[in-house]
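Notes follow once the structure below has been shown.
Order of appearance sets the numbers: ligands from 1, and atoms from 1 within every ligand. Please read these numbers as outputs of a predicted model, since none were measured by experiment.
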Amino acid sequence: MKISIIGSGYVGLTTGACFADIGHEVICIDNDSSKIKSLLAGNIPIYEPGLEELVQKNVKKGTLHFTESIEEGVEKSLVIFIAVPTPPLEDGSVDMTYIEKVARQIAAVLKDYRVIVDKSTVPVKTGEKVYQTIKRYNSHNSEFDVVSNPEFLREGVAIHDLLHPDRVVIGATSERAIKIMKEVYAPFKAPILITDLNSAELIKHASNSFLALKISYINALSRICEAAGANVQMVAEGMGLDHRIGKHFLKAGIGWGGSCFPKDVAAFIKISQELGYDFKLLKEVSQINSDQKEIFLRKIRDVLWVLKDKRIGLLGLAFKNNTDDVRSSVAMDLARVFLKEGAIVQAFDPKAMGKAKEVLPSIHYCSSALDVAEEADCVVIATEWEEFINLDWKSMKSKMISPIVFDGRNLLDKKRMIEMGYHYVGVGN
Ligand code: UGA
């Protein structure tokens, strides 16, 4: 199958590489010429485990190509995926200007039948608008179909999620487009759910909001556990063994972040409001999330009293492990508060320091996790990197002024840390 993907960000590039790997002929398109140049030279602009190798392998195989030209992509491919950003606006609604522009650009060069697939996360009814826009600007009056095919990959494990999806959702009504989309996904051997356009679009926002709700639920429970002297990890384990609940996304912490949940929950609240429904439950999900960070900060202030001039060792800057992404990262938010209150922040992240430096140059960036403990008044764990679990916590202690650990991800064993002589503060335990 000949496929083009417009937008070579996290979703577009990873999807392109995986499609090429399973045997499709793929063209990845981006209007950022420096990005295309670096991709052509085999350099990946993001850190995603396994992606660089996958891109290089398929470029070599001749099934993965890069270009700046939408015209070339539309001419050479039967299926055109749109994977451009849909960033949030001030009021929580979604900036649709990139999608609208791409729809016009496709329309201008459309000469034969094409399936236009929206992969970006979009408000319900976007597909209808994309259809109308292409129809309006379609100078050759060519045939086309618009399909919604939301993406459910997680950063950090994106290749696995793409190659082994729990489900593939295809929102379309045209039998011709459905047949082509089934061929695109045939090699994945995943369950395919065919829906109408609007339902497919809703599935994405509904899924992300539900996952955020699950985390906020366990975070709210963590507060009850603290008050009751219970352990949220045990409560989560006991709940998760019920297969109707499931064990995933029940890790209490400092709250969810990243480029998806905060934006998608805010957008879904706004979309529901525009459709006439006041989604109070989701508003509370969002409130619990911002409170969770504040409660964690309160715990730090309770122990350290004044943050000014304190040396805080910060472990983790990425919004989660196995990524270099610091967008809407709670770890970065914590660093901002520490710096604002006059603390010295010495931080380490295995992959995200480059991106963090661009945003927060006043952090002192350490060359190893061990170095954050140097003369530190406390260490704060803000990202769930596995390597922080296996750190030499005895050496860490010997470097610190006072051995205090605020474990915002419940990575460490509380009992063991206390035995080692640490003042340990976790979440809900
Ligand atoms: C999320 C969804 O999980 C994907 O299915 C979806 O495709 C993606 O958004 C998207 O819309 O593009 P992602 O944002 O990459 O994926 O990362 P997650 O693994 O979902 O983590 C989100 C946040 O929740 C992170 O800050 C993570 O640390 C936090 N989290 C996750 C918890 O605090 N507790 C948990 O139990 C799980």
| request: Please work out which of the three classes, parallel, tilted or perpendicular, describes the rings of F268 and H205, given edges at 30° and 60°. | output: parallel
| task | Determine whether the side chains of S222 and Q292 contain a donor N or O and an acceptor N or O closer than 3.5 Å. | result | yes
Mode of [X] contact toward ligand 1 - side chain, backbone, both, neither (heavy atoms, under 4.0 Å):
{"X": "Y10", "answer": "neither"}
{"X": "E384", "answer": "side chain"}
{"X": "D264", "answer": "side chain"}
{"X": "V11", "answer": "neither"}

| Does any non-hydrogen side-chain atom of L13 lie less than 4.5 Å from one of F66? | yes
| Side chain to side chain, Q346 and I363, heavy atoms closer than 4.5 Å | no
Students should be able to answer this: which protein heavy-atom is nearest to [atom], and at what distance?
{"atom": "atom 1 (C) of ligand 1", "result": "F261 CE2, 3.5 Å"}
{"atom": "atom 19 (O) of ligand 1", "result": "K320 NZ, 2.8 Å"}
{"atom": "atom 31 (C) of ligand 1", "result": "I215 CD1, 3.5 Å"}
{"atom": "atom 36 (O) of ligand 1", "result": "K251 N, 2.9 Å"}

Looking only at distance, does [X] have an N or O less than 3.5 Å from an N or O of ligand 1?
{"X": "N208", "result": "yes"}
{"X": "G257", "result": "yes"}
{"X": "G258", "result": "no"}
{"X": "R154", "result": "no"}
{"X": "F152", "result": "yes"}

| task | Give a yes/no verdict on a cation-pi contact between K214 and F249, requiring under 6.0 Å between NZ or CZ and the six-membered ring centre and an angle within 45° of the axis. | result | no
| said: Does the structure place the NZ or CZ of K299 under 6.0 Å from the centre of the six-membered ring of F406, at an angle of no more than 45° from the ring's axis? | reply: no
| Which side-chain hydrogen bond (donor to acceptor under 3.5 Å, both in side chains) pairs, counting each pair once, include a residue from residues 185-202, with sequence neighbours left out? | K119-Y185, E128-N198, N149-Y185, D196-S199
| In this structure, are over 12 heavy atoms from other groups packed under 6.0 Å from E419 atom CD? | yes
| field | Heavy atom of K214, distance to ligand 1 below 4.0 Å | value | no
| Would you say C260 contacts ligand 1, with heavy atoms under 4.0 Å as the rule? | yes
| query | Can you name the residues that form a side chain to side chain donor-acceptor pair (under 3.5 Å) with S362, not counting sequence neighbours? | reply | none
